[in-house]
Amino acid sequence: MTALDWMILPLRRYARFNGRARPREYWMFVLLVVLALVALSILETALGLAVTEQWVRTGPWGASAIYRTHGGPLTGLFALGILIPHLAVMVRRLHDTDRSGWWLLLGLLPLLGGLVLLIFFIIGGTRGPNRFGPDPIEVGEDRL
């Protein structure tokens, strides 16, 4: 499979919350989302759709201008469209580590929850079949 195939694999498995996802499937999808958000940010800025705040902070050593850009309507539509496949691939990634998808609720804990989930997403999956299905490496991605 090519890198692009890995990136769009979660989109082909749009709302599939069962089964397991290899780390490569998850991280290539995250890369696709980041690249798409950067491209949308550039496009929205070029079209004047982005909301930009600017303010000046003064201090004893001078002043500095600060800019902050919020996503525009294209970013919002993209985030809405990618929400379900992103949740599905995260659940399947947790299944690969033999954890229930309910572990995603750990992300509601500030800082610590997200850090624990990041570790779960980084570590390799369990070898061989587990309670969520066969090992995607042993079976082959095309048959899952």
Can any side-chain N or O of Thr45 pair as donor or acceptor with the backbone N or O of Ser41 at less than 3.5 Å? yes
Roughly how far apart are Leu87 CG and Ile84 CD1, rounded to 0.5 Å? 7.5 Å
Answer yes or no: is there a side-chain heavy-atom contact under 4.5 Å between Leu49 and Pro73? yes
Check Arg93 with Glu25, please: is the shortest side-chain N to carboxylate O separation under 4.0 Å? no
Single-linkage hydrophobic cluster, 4.5 Å side-chain cutoff, Leu77 and Leu11 together: no
Residue pair Ile123 / Pro23: nearest heavy atoms and the distance that separates them: O-CG, 4.4 Å
Determine whether Arg22 and Trp6 make a side-chain contact, defined as any pair of heavy atoms from C-beta on separated by less than 4.5 Å. yes
Is there a side-chain contact between Ile8 and Arg12 in this structure, where contact means two heavy atoms from C-beta onward sitting under 4.5 Å apart? yes
Heavy atoms, side chains only, cut-off 4.5 Å: are His86 and Phe29 in contact? yes
Do Phe17 and Trp102 share a hydrophobic cluster (ILVMFWY, side-chain heavy atoms under 4.5 Å, transitive)? no
Quick check on Trp27: does its CH2 atom have over 12 non-hydrogen neighbours (other residues, nucleotides or ligands) under 6.0 Å away? yes
With a 4.5 Å cut-off on side-chain heavy-atom distances among I, L, V, M, F, W and Y, is there a chain of contacts connecting Leu9 to Leu83? yes
Is the shortest heavy-atom distance from the side chain of Phe78 to the side chain of Leu37 under 4.5 Å? yes
Do the ring planes of Phe120 and Trp103 sit parallel (below 30°), tilted (30 to 60°) or perpendicular (above 60°)? perpendicular
Side chain proximity check, Pro10 to Tyr26, heavy atoms < 4.5 angstrom: no
More than 12 heavy atoms from other groups under 6.0 Å of CG on Leu31: yes
Sidechain-backbone polar pair: Glu44 side chain, Leu74 backbone, donor-acceptor under 3.5 Å: yes
Give a yes or no on whether Leu35 and Leu4 share a hydrophobic cluster (residues Ile, Leu, Val, Met, Phe, Trp, Tyr; joining criterion: side-chain heavy atoms under 4.5 Å apart). yes
Look only at the side chain of His95 and the backbone of Phe132, and say whether a donor-acceptor pair between them is shorter than 3.5 Å. no
Nearest-0.5 Å distance that lies between atom CG in Leu47 and atom CD1 in Ile42: 12.0 Å
Using side-chain heavy atoms (C-beta onward) and a distance below 4.5 Å, is Leu108 in contact with Leu105? yes
Determine whether Leu80 and Leu32 fall in the same hydrophobic cluster, where Ile, Leu, Val, Met, Phe, Trp and Tyr are linked whenever their side-chain heavy atoms lie under 4.5 Å apart. no
Checking Asp96, Thr97, Asp98 against Arg20 for side chain to side chain donor-acceptor pair (under 3.5 Å), the one that qualifies is Asp96
Stepwise side-chain contact (heavy atoms from CB on, under 4.5 Å) test for Leu104 and Leu94: CA-CA 8 Å; Leu104 278 179; Leu94 287 170; 3.8 Å; yes
